[in-house]
Amino acid sequence: METSIEQILEEALKALEDASDVETAKALSVRYLGRKGAVTLFLRGISQMPPEKRAAMGKRANDIKNTIDTALKDAVQRFETAQKGLEARIDVTLPGRPVPLGSLHPISLVTQEICDIFVRLGFDIVEGPDVESDWYNFEALNIPKNHPARDMQDTFYVSDNIVLRTHTSPVQIRTMEKQPLPVAVIAPGKVYRRDSDLTHTPMFHQVEGLLVDRQISFGDLKGVLTTFVHQMFDERTSLRFRPSFFPFTEPSAEVDILCVMCRGAGCRVCSQTGWLEILGSGMVHPALYENVGYPAGQSSGFAFGMGVERIAMLKYGIDDIRKYFENDIRFLRQF
Ligand code: PHE
């Protein structure tokens with residue numbers, strides 16, 4: 001049985017309902033209205049029909065042809081508008097959204113910078129534990145129990161004989177125990193003190209230095225630290241060695257640098273003195289050689305220790321140490 005024109009209409013409209021793009025709508029136009037399309041063929045067949053049916057069938061078939069044609073044209077326009085709308089919202093010529101990349105924390109950066117300078121001078125990098133025994137943190141460093149020198153560092157005790165290390169100096173002892181002369185090491189790491197204000201946090205970072213051989217003098221200490229300061233800051237930054245006291249060095253000196261802000265004129269940062277203290281240092285106390293079993297009377301060397309936060313504050317003009325640990329992305333992004 002031949003397909004009736006009503007069936008063709010129903011089929012065409014249903015096919016159009018399933019269509020969702022211009023290409024499909026155009027294909028349907030060919031399938032139904034093209035030269036060999038279903039409607040066209042039907043119209044051609046009308047001449048074979050009985051004469052009394054021809055006029056009515058011809059009119060109905062032409063109406064249906066127009067209905068399908070209008071529906072297809074409407075659909076093509078709808079699909080085209082939708083496609084343009086999509087293109088208006090997605091501008092494919094825009095650059096992609098950048099994926100935010102992390103960066104190193106300023107303390108990591110400055111620690112690396114400090115270490116790089118000493119590595120270039122021939123020092124090795126070593127590390128020690130954050131949780132330390134009373135022996136390594138104090139006793140072996142010539143700080144006996146109940147000695148007033150313990151007051152210099154307010155300590156977190158884990159138990160009677162275990163502490164959070166208050167400085168990186170215990171790594172001096174651990175290194176000398178393991179390694180025969182000569183040694184030239186730096187030891188970066190976290191240290192802990194019961195302290196908290198604008199310039200102190202309970203955890204901070206130090207870099208320790210130790211160089212021991214047989215003929216090392218205070219002149220070597222001055223030379224190495226002068227080179228360090230000139231590379232870390234600049235050649236114009238002069239140093240002064242101020243006599244001081246540490247139980248594990250003798251003689252001891254604190255190193256001040258000419259104020260990086262006012263170049264010695266006196267300002268708020270240097271409390272009007274023109275100088276900034278940046279590290280502690282001295283010639284290794286003979287008691288330490290005895291504690292680690294180094295040849296008595298023949299070993300000589302120097303040690304120094306500096307706070308990374310403090311160096312970074314001076315280098316970048318940061319006035320509040322707590323900024324390092326608040327993790328405000330606006331602060332951290334600047335490095
Ligand atoms: N450990 C000392 C401190 O934390 C610094 C220091 C290290 C001083 C080595 C002298 C020699 O204050």
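Remember, it's 1-based here, ligands and their atoms both numbered in the order they're listed.
Ion pairing between a basic and an acidic side chain is recognised when a charged N comes within 4.0 Å of a carboxylate O; K190 and D130 show no such pairing.
Protein heavy atom nearest atom 2 (C) of ligand 1, with residue, atom name and distance: F248 CZ, 3.8 Å.
Listed here is the closest heavy atom pair of A61 and V39: O-CG1, 4.4 Å.
By the rule that hydrophobic residues join a cluster once side-chain heavy atoms approach within less than 4.5 Å of another member, V191 and L164 end up as members of separate clusters. Cluster annotation: F245 is not connected to V255 through the hydrophobic network of ILVMFWY side chains, with a link wherever side-chain heavy atoms come within less than 4.5 Å.
With distances taken over non-hydrogen atoms, the option nearest atom 5 (C) of ligand 1 out of A303, G209, G305 is G305.
Applying the 4.0 Å criterion to heavy atoms of S281 picks out, from ligand 1, the atoms 8 (C), 10 (C), 11 (C). Here is the list of ligand 1 atoms found below 4.0 Å of a heavy atom in Q153: 3 (C), 4 (O), 12 (O). Atom numbering of ligand 1 starts at 1 in the shown order; those under 4.0 Å from a heavy atom of H167 are 1 (N), 4 (O). Each of the atoms 1 (N), 7 (C) of ligand 1 lies under 4.0 Å from some heavy atom of S169. Those atoms of ligand 1 with a heavy atom of F304 less than 4.0 angstrom away are 7 (C), 9 (C), 11 (C).
Side chains of V30 and R35 form no contact here, defined as non-hydrogen atoms less than 4.5 Å apart. Under the 4.5 Å side-chain criterion, counting only non-hydrogen atoms from C-beta, F302 is not in contact with L225.
Only the side chain of R193 comes within 4.0 Å of ligand 1, counting heavy atoms alone; its backbone N, CA, C and O stay farther away. Under 4.0 Å from ligand 1, the heavy atoms of Q172 that appear belong solely to its side chain. Looking at S252 against ligand 1, nothing comes within 4.0 Å, counting heavy atoms.
For the pair E208 and ligand 1, the shortest N or O to N or O distance does not fall below 3.5 Å. In terms of N/O distances under 3.5 Å, ligand 1 is approached by Q206. In terms of N/O distances under 3.5 Å, ligand 1 is not approached by T166.
Looking at Q7, its side chain does come within 3.5 Å of a backbone N or O of S4 through a donor-acceptor pair.
Using a 3.5 Å distance cut-off with no hydrogens or angles, the side chains of E11 and Y32 do pair a donor with an acceptor.
With Y136 as the aromatic partner, R174 meets the cation-pi criteria of under 6.0 angstrom to the ring centre and within 45 degrees of the ring axis.
Residue M152 places no heavy atom under 4.0 Å from ligand 1.
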